[in-house]
Protein chains: 2
Amino acid sequence: MIRLLLADDQDLMRSALSALLDLEDDFEVVAAVDRGDEVADAARTHQPDVALLDIEMPGLDGLAAAALLAERQPRCRVVILTTFGRAGYLRRAMEAGAVGFVVKDAPPEALADAIRRVMRGERVVDPELAAATLAAGRSPLTARERDVLGAARDAATVAEIAAKLFLSEGTVRNYLSAVIAKTGTRNRMEALRAADERGWL
Amino acid sequence: MIRLLLADDQDLMRSALSALLDLEDDFEVVAAVDRGDEVADAARTHQPDVALLDIEMPGLDGLAAAALLAERQPRCRVVILTTFGRAGYLRRAMEAGAVGFVVKDAPPEALADAIRRVMRGERVVDPELAAATLAAGRSPLTARERDVLGAARDAATVAEIAAKLFLSEGTVRNYLSAVIAKTGTRNRMEALRAADERGWL
DNA sequence: CGGAACCCCTGACAAATGTCACGGGTGGGT
DNA sequence: ACCCACCCGTGACATTTGTCAGGGGTTCCG
């Protein structure tokens, strides 16, 4: 019997996945949470063999939860289960100690298969996505450049970004300029999109 | 026995939902498709009582599929099932003839409940979302303004938008300015976000 | 016919954005 | 001690955006 922990913020998705996985004879869903920051606790009390973590979650995202889990409950394998097959997600998932990565539009057998293979000690990753990840390369952005770009997502104007990060406007413009150059784009907008497609955030 | 049709582009979601709904004694999933443009055909051959449609789908989106279904298979009730509780989605869903609207992070009982109530002839909508929809109002944008704003999503610069729509740059700037004014924002970026949150696209 | 509401364009202007060259500070390596 | 990469800032500049005030065209309606 393989003991499973589910973490996904959508109630319906969580319940539906639970129903799906319960159809398999050798699976048992022992815990289901809707927040990333509840994952570690739930794992401690229920001792699952495999944790299926969504990435987009309130509290703590799935990648951070995976890292925490790897540290606190190293016997529990982590499989990331996400809507988006973004290159950067995969890299960060692996760095966080995940051993499996499944996208939500994979065929349903793929998930069960991934879980069983992970239990045998294998790593499970979509080969195409792995290739894309290698192609994207590691982020060439400095920490500060990431901060500024991140702030640019919510703020409309340079002045707001500067205020939020306690920087001068000129500095912010410089960082943005650097980011635009490094992403090979021509805009904040494009840079933002390019950066988070490649997982450079 | 209530006959159900499922349409969602994510394989995993579709299978999982199917498993979940099959747990209920009075439900029977008679068809499941992954594209909007297959909904009408599937409904004709399998004669479901209720169609559960996701919005984001390739081929034809769920809203268009709902409209088609209302025309071709009027005996089949449509429930929209989506991740995003956006105001504009709800309005368009209702205009397309849907009688139910459920967001994917609703509790799992809510879905079953909605299906049964729809079968009794009721309309099912989250009251809070309904209020937001009324507050957002109908789109004040002209057709051309929508075109320009839509083109602005993919194009980075005014020149590109102008080229794509065969307009002069000045005209494009004017339309964008009008959109920014109407949305009460200060940017293309903000205007874009505001417009599609309110369903003004 | 005279509005009203669109469509498309122009030109001019202020404000925001992106680029460039520069200086000074820190800390980590070799 | 030196270089390197990063941090933060400045000032000046060209380009791009967003705004405003026009003008001329269509269609539809009272």
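FYI, side chains are in, hydrogens and waters are out, and symmetry mates aren't considered; it's all heavy atoms of this structure. In the text below, chain A, chain B and the rest are named by the order of the sequence lines, each starting its count at 1.
- In this entry the distance linking CD of A:E190 with P of C:dT17 reads 16 Å, nearest Å.
- Here B:A181 lies out of heavy-atom contact (under 4.0 Å) with every strand.
- For D:dT10, its base sits under 3.5 Å from the side chain of A:N174 at one donor and acceptor pair at least.
- Straight-line distance from the CE atom of B:M189 to the P atom of C:dT17: 9 Å, rounded to whole Å.
- The interatomic distance linking B:R173 (CZ) with D:dA21 (C1') rounds to 15 Å, in whole Å.
- In this structure, A:S168 reaches the D:dT10 phosphate: one of its side-chain N or O atoms is under 4.0 Å from OP1 or OP2.
- For A:R116 and A:D113, the salt-bridge test fails: no basic side-chain N is under 4.0 Å from an acidic carboxylate O.
- Atom NZ in A:K182 sits roughly 6 Å away from atom P in D:dC6 (whole-Å rounding).
- Dashed line: the shortest gap from a side-chain N or O of B:R144 to OP1 or OP2 of C:dC8 is under 4.0 Å.
- Non-hydrogen atoms lying under 4.0 Å from DNA chain D are contributed by nothing in residues 153-166 of chain A.
- As rounded to whole Å, 14 Å separates atom C1' of C:dG11 from atom CD of B:E169.
- Between the side chain of B:R14 and the main chain of B:L6, no donor-acceptor pair closer than 3.5 Å is present.
- Under the 3.5 Å distance criterion, the side-chain polar atoms of B:R173 are left unmatched by any main-chain donor or acceptor of B:V158.
- When the P atom of D:dC7 is taken as reference, atom CG of A:L167 falls 11 Å away, rounded to whole Å.
- Listed pair B:Y175 / D:dG18 fails the phosphate criterion, with no side-chain N or O lying under 4.0 Å from OP1 or OP2.
- In this structure, B:T142 reaches the C:dC7 phosphate: one of its side-chain N or O atoms is under 4.0 Å from OP1 or OP2.
- At C:dG18, none of the side-chain N or O atoms of A:R186 fall inside 4.0 Å of OP1 or OP2 (strictly under the cut-off).
- Remark: side-chain polar atoms of B:N187 are paired, donor with acceptor, to backbone N or O of A:A156 under 3.5 angstrom.
- For the pair A:Q47 (side chain) and A:R44 (backbone), a donor-acceptor distance under 3.5 Å is present.
- Side-chain atoms of A:R188 do not come within 3.5 Å of backbone N or O of A:L176 as any donor-acceptor pair.
- The nearest whole Å value for the distance from the CG atom in A:L176 to the C1' atom in D:dT16 is 15 Å.
- Applying the side-chain contact (heavy atoms from CB on, under 4.5 Å) rule to B:A163 yields no partners; only residues at least two apart in sequence or on another chain are considered.
- When each of B:N187 and B:E145 is assigned the nucleotide of DNA chain C bearing its nearest heavy atom, the one mapping closer to the 5' terminus is B:E145.
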